[in-house]
Amino acid sequence: MEILYFLILTATVLILAYNRVSLVMSMAIMIALTIGWTELRHLFYVPSWFRFANGIVAVTLIGFAITPLRRLLISDRLYGLFRKALPTVSDTEQEALDAGTVWWDAEIFSGRPRWRNLLKTPAPALTETEQAFLDGPVEELCRMANDWEICDTHRRLPDKLWDFMREQRFFGMIIPEKYGGLQFSAQANSAVVMKLASRNLTTAITVMVPNSLGPGELLLHYGTEEQKNHYLPKLASGEEIPCFALTSPTAGSDAASMNDMGIVCMGEHQGKTVLGLKLTWNKRYITLAPVATLLGLAFKAMDPDGLLGEEPDLGITCALIPTGTPGVEIGNRHMPVGAVFMNGPTRGKDVFIPVDWVIGGQERIGQGWRMLMQSLAAGRSISLPALGTSGGKMSALMSGAYARIRKQFNIPIGQFEGIEEPLARIGGRTYRMDAARTLTLVALDQGERPGVLSAILKYQLTEENRRCVNDAMDIHGGKGIITGPGNYLAHGYQALPISITVEGANILTRSLIIFGQGAIRAHPWLLKEMDAARDPRPGARKTFDRVIFSHAGHIISNTVRAWMLGISGGFATNAPVPGPTAYYFRQLTRMSAAFSFTSDLVLLVLGGKFKFKETLSGRLADALIHLYMGSAVLKRFEDDGRPDADLPFVRWAMDDSLLTIQESLKGVLNNFPVPGMGGLVKWIIFPLGSPYSQPSDRTGKEIARILQSESESRDRLVSGVYLSDQDDASGRVHTAFHLVLTATNAENAIRNALNQSVTYENYETLVQKAVESGVITEEQATTVRLAQQAARAVIDVDEFTRAEIEGFEDPAFRPAVKNA
Ligand SMILES: Cc1cc2nc3c(=O)[nH]c(=O)nc-3n(C[C@H](O)[C@H](O)[C@H](O)COP(=O)(O)OP(=O)(O)OC[C@H]3O[C@@H](n4cnc5c(N)ncnc54)[C@H](O)[C@@H]3O)c2cc1C
């Protein structure tokens, strides 16, 4: 009996905490319960200790609910400690932290994501005009772009492609129609880049850069009317080719530490003496720089003579400089690995520009960093994630087909479990990448500028692409390695490090930015606490008291939620939908509480020192990333109308994400800075041990089968890439794949009747015999012949004369062979 009452009291407290009942309401409930139990003792046995304990809880809550009392005892004391522990944040760091908005990341940090809100967001869609552009000019550009010719013959985009891109306004996707641009949604912008990237990376990057962070985007948001009217129509038509130069030799990831200077001074411009800046810069790695006509330049503005006011150090500033301006050094090329898009350095010494060339004019001097950080979220959510997803889709499409076409030991290699494994990884990852890509684009098109999610997308989708392409290379064996016009993988493989490095290198993005920015921006209370603690006004202590107690309630609730969801295997919460994904919704809710609780403890223990604990931050970033990726997978499945056929992708992606979240949190707790505490927290969030494991072999097998068949599920997975119908590298694979599948029944019939497998070497003889003996029809015979020939065309690799490769004329030349 006593145990029952103990359980009732524990359950009451847990239910209040689990449901985040407010302090005042909890206090009222506990007072009511104390009175109620006291009265009920007349009807049945209610132990006195139990009534007393209820009272104690009620009184404790009263203590916490009375603001002056709790301020005196707790929050005013914490205020001082908190102020001291606040991390030092530079202005540039603060601007980076403040940039953009928060969206689903805030729900993840809450520990209690409101799934119905996510499911209510619209499904990704394109307008008719956007779809027509993809089916028309984009398809045509893909047809024109021959990967081998671009990368190895010309080592640049041929003029006819540049002309076509200009004519069709590919460079004006983000520019409003009133300036002559296409005014596309983020969804369409991404779809264009993704399709182009599936054909040729150089073309995709050339289109992507003017439509991403750079002069166009900055002018749209910050340009003066005069600047917009002058430049935007020219950028949209491709008359002006822009580039944006931020990176210097000494300032890469730490771009704000640049030494490029602009000294405010008077100077000569078009025969007049005007206010302006004398610029000296040295920038490198700048995409499109060698062909740019308009250089966007970031530099530090200084005003030593006080021409603009008393402050000599004005801060980072962005200006637009026509590359024909005397003194601008530009035109040399770097050679990025795997692609031949224009990229190179630019330098200038004491180049005078009028102040009107500063983006936004004189009043925007010093605001460059803020402008860049604010604009980064949009481009970073679009371009590189589109490139990454394209790589995943092409890996799935080509590896599935190749695994079916290529036979070893007399069977398609895709039937070996060893090949099924990487095929499954490619399929599951690609589904997840595409889900996250489109979900984030929906947010962008709704006006969000999700800073943390854009970093997640950039990092995760480029990393997943790297894994997909690596798996694709392994599946292809020598076919992937031997380069030539028939190779459709090698350039993408070689170019992988580019997307990993640009727009925030991945190691930095994972270990410093994703969780670091997420914890401050997307956490429900941390930023409010920091703001209150920094606020010198007398009223700030009151605000601090309110937020610190809300934060404490948040931690208590997440502790209880993490444990209750853990002990119930996630069943303490409801899923927003029934069916096969309900389990995953519950598990993500559970992991969201566990993540939120663990994050709070780490932040509490480390305070400002957290910034330097990159291994912990990186692991927490992994958990946050997969909470987002998992949410996107579940949303996509709903958006697609819950097709059963796609469940293997969903299961693979979700099992992998849950396992990653689990292992990341365990990694944090195994290395928790306070000895012993990690073990305790691990017990709270995983009370019954580790619940998640790798995707099953069965799921992997199902995915491998989908990728090796012509099915709607496969079509949905790879939708949006270019499917070549030409006699070229990828076109040959599509043709062979279709023919090989069509010929399967006939080949099986031949093997069964003649007791011999059909191969390229024997197919003529076997087909003839099979037709003569009535095993197959003449029509089937033709299919088998065509399939064998098409498969051989795929399996063959390119070869060159030595002179072609070595670039000299004497074919008899042999290098000296040294004996060992
Ligand atoms: C092909 C290409 C195109 C580019 N296009 C442009 C362009 O158009 N305009 C432009 O301005 N720039 C451009 N860049 C520059 C690009 O943005 C930088 O390369 C990038 O910012 C990284 O700088 P870095 O290469 O100097 O590497 P570094 O900053 O030297 O970094 C080296 C390594 O250290 C890691 N690292 C650095 N700091 C930390 C930290 N605090 N914690 C953990 N790890 C850290 C990085 O993640 C990276 O792995 C381009 C670069 C390339 C390669």
Side-chain angles (χ1 to χ4, degrees), residues 87 89-90 92-93 96 151 201-202 204-218 241-260 281-292 294-299 316 318-321 323 330 332-347 368-369 371-373 375-376 379-380 383-384 387 455 458-459 462-463 466 491-492 494-517 610-619 621:
V89 180
S90 68
T92 46
E93 279 177 314
C151 292
L201 276 174
T202 300
I205 293 171
T206 305
V207 167
M208 167 183 123
V209 167
N211 288 297
S212 195
L213 177 57
E217 171 93 7
L218 292 172
I241 296 294
C243 67
F244 192 79
L246 175 66
T247 308
S248 334
T250 51
S253 299
D254 184 12
S257 68
M258 67 183 79
N259 290 320
D260 312 288
W281 71 92
N282 181 4
K283 303 284 193 182
R284 65 177 181 180
Y285 305 154
I286 311 306
T287 303
L288 295 188
V291 292
L294 186 62
L295 166 66
L297 187 74
F299 57 89
I316 293 173
C318 299
L320 291 181
I321 306 165
T323 51
I330 200 161
N332 279 357
R333 285 181 70 178
H334 297 308
M335 285 173 58
V337 60
V340 291
F341 58 91
M342 291 291 158
N343 184 279
T346 169
R347 296 177 192 92
W369 191 250
M371 285 155 57
L372 289 171
M373 291 302 109
S375 306
L376 187 62
R380 202 164 52 175
S383 308
L384 294 169
L387 233 61
K458 189 273 149 172
Y459 168 78
T462 53
E463 287 295 338
R466 168 148 70 177
H491 286 138
Q494 289 168 339
L496 282 173
I498 299 175
S499 56
I500 299 291
T501 299
V502 301
E503 289 192 19
N506 276 9
I507 295 180
L508 165 96
T509 304
R510 171 178 175 267
S511 41
L512 196 68
I513 295 176
I514 293 176
F515 184 75
Q517 190 180 4
F610 176 74
K611 202 163 117 173
F612 306 104
K613 289 284 181 192
E614 291 195 351
T615 47
L616 293 184
S617 178
R619 292 189 189 106

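Numbers here simply count residues along the sequence, with the first being 1. First listed ligand is number 1; within each ligand, the first listed atom is number 1.
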Residue pair [X] / [Y], side-chain heavy-atom distance below 4.5 Å:
X      : Y      : value
Thr250 : Asn259 : yes
Thr615 : Ser511 : no
Leu512 : Glu614 : yes
Leu496 : Val337 : no
Thr462 : Leu387 : no
His491 : Thr202 : no
Val291 : Phe341 : no
Asn506 : Lys458 : yes

Atoms of ligand 1 less than 4.0 Å from [X] heavy atoms?
X      : result
Ile498 : 1 (C)
Leu246 : 10 (C), 11 (O)
Ile286 : 7 (C), 8 (O), 9 (N), 10 (C), 11 (O)
Asn343 : 1 (C), 2 (C), 3 (C), 4 (C), 5 (N)
Val502 : 2 (C), 3 (C), 4 (C), 50 (C), 51 (C), 52 (C)
Phe244 : 7 (C), 8 (O), 9 (N), 10 (C), 11 (O)

[atom] - nearest protein heavy atom and its distance:
atom                    : result
atom 20 (C) of ligand 1 : Thr501 O, 3.6 Å
atom 15 (C) of ligand 1 : Thr247 OG1, 3.1 Å
atom 44 (N) of ligand 1 : Ile507 CG2, 3.7 Å
atom 46 (C) of ligand 1 : Ala505 CB, 3.6 Å
atom 24 (P) of ligand 1 : Gly252 CA, 4.0 Å
atom 6 (C) of ligand 1  : Tyr285 O, 2.9 Å

TODO: Pick one of side chain, backbone, both or neither for how Phe341 approaches ligand 1, counting any non-hydrogen atom pair under 4.0 Å.
DONE: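 For Phe341, the contact with ligand 1 is made by the side chain alone.
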
- [ ] Record the part of Glu614 in heavy-atom contact with ligand 1 below 4.0 Å; permitted values are side chain, backbone, both and neither.
- [x]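 The part of Glu614 near ligand 1 is the side chain, not the backbone.
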
Give a yes or no on whether [atom] lies under 4.0 Å from any heavy atom of the protein.
atom                    : value
atom 32 (C) of ligand 1 : no
atom 8 (O) of ligand 1  : yes
atom 13 (C) of ligand 1 : yes
atom 37 (C) of ligand 1 : yes

Task: Selected option - heavy-atom contact closest to atom 39 (C) of ligand 1, from Ile205, Leu508, Leu372 - done: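 Looking at heavy atoms only, Leu508 sits closest to atom 39 (C) of ligand 1.
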
- [ ] Pick whichever of Ser499, Ala255, Ser253 has a heavy atom sitting closest to atom 29 (O) of ligand 1.
- [x]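 Result: the heavy atom closest to atom 29 (O) of ligand 1 is in Ser253.
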
- [ ] Check each of Asn282, Ile321, Ile330 against Thr346 using the side-chain contact (heavy atoms from CB on, under 4.5 Å) test, and report the only one that passes.
- [x]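 Going through the options one by one, the only one that passes is Ile330.
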
Open item on the list: Could you check whether atom NZ of Lys613 has more than 12 heavy atoms from other residues, nucleotides or ligands sitting under 6.0 Å from it?
Closed with: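 Incorrect, the count does not exceed 12.
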
Interatomic spacing from [atom1] in [X] to [atom2] in [Y] - rounded to 0.5 Å:
X      : Y      : atom1 : atom2 : answer
Leu288 : Leu294 : CG    : CG    : 11.5 Å
Ser253 : Ile507 : OG    : CD1   : 9.5 Å
His334 : Met342 : NE2   : CE    : 13.0 Å

Open item on the list: Using a plain distance cutoff, I'd like to know if Arg284 has any nitrogen or oxygen under 3.5 Å from a nitrogen or oxygen of ligand 1.
Closed with: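 No: no nitrogen or oxygen of Arg284 is under 3.5 Å from one in ligand 1.
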
